[in-house]
Amino acid sequence: MKKQVMEMRSDRVKKGVEKAPHRSLFKAMGYTDEELNRPLIGVVNAHNEIVPGHIHLDRLAGAVKDGIRMAGGTPLEFPVIGVCDGIAMNHEGMKYSLASRELIADSIEIMARAHAFDALVLIPNCDKIVPGMLMAAARLDLPAIVISGGPMLAGLFQGRRASLSDIFEGIGAVKAGKMTEEELMEMEASICPGCGSCAGMFTANSMNCITEVIGMALPGNGTVPAVAAARIRLAKASGMQIMKLLQEDIRPSAIITAAALRNAIAADMALGCSTNTVLHLPAIAHEAGLRLPLDLFNEISARVPQLCKLSPAGPHFIEDLDRAGGIPALLRRLLEAGLIDGKVTTVTGRTLEENVAGRRVLDEKIIRRIEDPFSRSGGLSILRGNLAPDGAVVKRGAVDAAMMVHRGPARVFNSEEEVCAALETGRVRKGDVVVIRYEGPRGGPGMREMLTPTAVVAGLGLDKEVALITDGRFSGATRGASIGHVSPEAAEGGPIALVKDDDVISIDIPAGRLELLVEEETMEKRRKEWQPQPPRIKKGYLERYSRLVTSASSGAVFADEFPAGSQEP
């Protein structure tokens, strides 16, 4: 209670004679003097009726508000937008997904500053909403806590557990004659059994787990199922905990530190998270005045083994990770091995080391021992070479051993639509390296996530024989040799813009190399002949986005350079 006597930010809108008009507006909404005398806590609710991971967040917000009131605060709820990546996939809608991250951060900033909230409880669940909220928390530096909506349970199809990635792959299986359309319809009715973020270690669950690791959410945030009563209790506890954070003046700047971000990358590698984390963690760091160079991911990957193989890389789901002890059990294992820093501050008010004391792994098939990992190195790798001078990323934990080193002829496409049409007609052959370009942050615009082509390749049975490379993104649900975030992107004249059909591309994931085997004189001639493509979107938000966004290698943030004083972990 040591900070309770300090002036509240919300006093700016409710204290003194000159604030009588402000109080009258509060009273127009039914707030009492007693409620106005308490701290005003913004409850940022991403609930909507279009995202399965968000359909139930209204109930979670109610539990958060109960917790705030129990602890002596006054909750005031407001919404933010949220895109369902699955529904947005494979059409114009996906151009808006990554772009929504900046809008979410900006809108929270506007609401928090305009209404002088004392603190924030952030309720996201799905892909870009989680990092957007964390970016806002770091930017505003008000006491804040995150409580996600929780993961969906796995579905059941023909006696086996499955999730959304399976039905995307089912499309390719139908085209290959391995599944009937009737079976696909049976699958679509059973693959997503209810609310929550899709059941594998896709982007949403990756970011929810990482939020817990960073320390911005209570233990359990990443893995307690959406339908569990424990999720409601966690929401009430989060509402109560924000009042303690306010009283103790514990802010995101004390939590989102260089050490916490290194911990996040270490857990990322151990879990085998989505490649999208390589976009979101640098963006969150940017808002905290820190820089996360891509090579740091490889440095940490080299010493942190992959201990979990969750869908799409393996047969297990987030509910299994929860049953095995969840993120606290994983962190305890990493801490005992000296692979993370246990002294960092978290929203519990205790250190990470204190949070995980006494936790243990309950199923070593789900969370393996350090001495018996799925892989001696982490689940993600950064690749560089003359095709990606500023870097590219691959989910190496979901790549078959046969594709770790591959060399093949390029099949070049200037959009996702082009490659999907080629897959339909059988133009992609065994051994090919499929190049999908002009899908980067600026060129797309919006850096579309392309689960459809990777899933169709897997469904056709080509994931052990065909590689895909793009300056766009691949989904967290992607498996196979799918290399994304190639930087510089084609729209900026990066080398990927100069690739031609039948050029030989060399991929060496263990060595971290991505090379175009073309003579430099030929490349120089192509550079002189290259002409930028005209903008695909000429009005609206995406037109502005394409002018403001930076490279994937810097997190696709809205800035040309990092703030003065920014530092690397």
Side-chain angles (χ1 to χ4, degrees), residues 1-12 38-44 64-65 67-76 105 108-109 112-113 116-124 130-131 133-148 208 210-222 234-264 267 281 284-285 287-290 327-328 331 335 340-357 567 569:
M1 301 288 180
K2 66 181 182 181
K3 293 286 184 177
Q4 186 62 58
V5 296
M6 70 179 182
E7 180 185 358
M8 293 286 106
R9 281 180 50 83
S10 60
D11 288 350
R12 304 172 190 181
R38 297 176 178 184
L40 302 185
I41 311 300
V43 177
V44 190
V64 165
K65 290 188 284 187
I68 292 170
R69 291 189 185 99
M70 284 190 284
T74 296
L76 297 100
I108 294 170
E109 175 193 355
R113 294 294 188 207
F117 289 121
D118 295 306
L120 297 173
V121 181
L122 305 158
I123 312 176
V130 181
M133 287 191 176
L134 286 170
M135 290 164 67
R139 184 188 304 174
L140 290 163
D141 203 28
L142 298 173
I145 191 169
V146 176
I147 168 65
S148 79
N208 285 325
I210 281 174
T211 300
E212 185 178 335
V213 175
I214 290 173
M216 283 296 295
L218 295 178
N221 178 75
L234 193 64
K236 290 179 181 177
S238 299
M240 297 178 73
Q241 189 62 25
I242 193 61
M243 298 306 297
K244 293 182 182 178
L245 294 171
L246 177 61
Q247 290 158 7
E248 298 295 322
D249 197 28
I250 298 174
R251 299 170 182 257
S253 55
I255 298 171
I256 305 175
T257 61
L261 291 167
R262 287 196 299 270
N263 286 348
L281 283 171
I284 294 162
E287 296 290 354
L290 300 166
I327 298 304
L331 293 178
L335 184 63
I340 58 173
D341 184 345
K343 303 301 182 186
V344 295
T345 300
T346 73
V347 291
T348 65
R350 302 186 299 273
T351 65
L352 181 150
E353 185 175 27
E354 291 169 328
N355 287 346
V356 303
Q567 54 183 310

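Below, all heavy atoms of this structure are taken into account, side chains as well, without hydrogens, waters or symmetry copies. Keep in mind that this is a model prediction, so the values were computed, not measured.
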Heavy-atom pair with the smallest gap, counting every atom of [X] and [Y]:
X: Ala258; Y: Leu290; result: N-CD1, 3.7 Å
X: Met243; Y: Ala71; result: CG-CB, 3.4 Å
X: Gln241; Y: Thr348; result: NE2-O, 3.4 Å
X: Pro252; Y: Ala144; result: CG-CB, 4.2 Å
X: Ala136; Y: Ala105; result: CB-O, 3.8 Å
X: Ala116; Y: Arg12; result: CB-CB, 4.4 Å

To the closest 0.5 Å, what do you measure between [atom1] ([X]) and [atom2] ([Y])?
X: Ile145; Y: Lys244; atom1: CD1; atom2: NZ; value: 10.5 Å
X: Ile123; Y: Ile147; atom1: CD1; atom2: CD1; value: 8.0 Å
X: Arg69; Y: Lys65; atom1: CZ; atom2: NZ; value: 6.0 Å
X: Leu245; Y: Arg251; atom1: CG; atom2: CZ; value: 11.0 Å
X: Glu287; Y: Ile256; atom1: CD; atom2: CD1; value: 9.5 Å
X: Asp118; Y: Gln247; atom1: CG; atom2: CD; value: 11.5 Å

For this session: Apply the test side-chain contact (heavy atoms from CB on, under 4.5 Å) to residues Ile250 and Val347: give CA-CA distance (whole Å), side-chain angles for both, the deciding distance (0.1 Å), then the verdict.
Result: CA-CA 8 Å; Ile250 298 174; Val347 291; over 6 Å; no

Compare all side-chain heavy atoms of [X] with those of [Y] and state whether any distance is below 4.5 angstrom.
X: Asn355; Y: Leu331; result: no
X: Val146; Y: Met133; result: no
X: Glu109; Y: Met135; result: no
X: Val130; Y: Ser148; result: no
X: Val64; Y: Pro75; result: no
X: Ser10; Y: Arg38; result: no
X: Met8; Y: Leu40; result: no
X: Ile68; Y: Thr74; result: no

Exercise. Is a side-chain N or O of Glu212 found less than 3.5 angstrom from the main chain of Asn221, in a donor-acceptor match?
Worked result: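 Confirmed, Glu212 side chain pairs with Asn221 backbone.
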
Exercise. Arg9 side chain to Phe117 main-chain N or O, any donor-acceptor pair under 3.5 Å?
Worked result: yes

Exercise. Knowing that exactly one of Ile214, Val213, Leu352 qualifies, which makes a side-chain contact (heavy atoms from CB on, under 4.5 Å) with Val344?
Worked result: Leu352

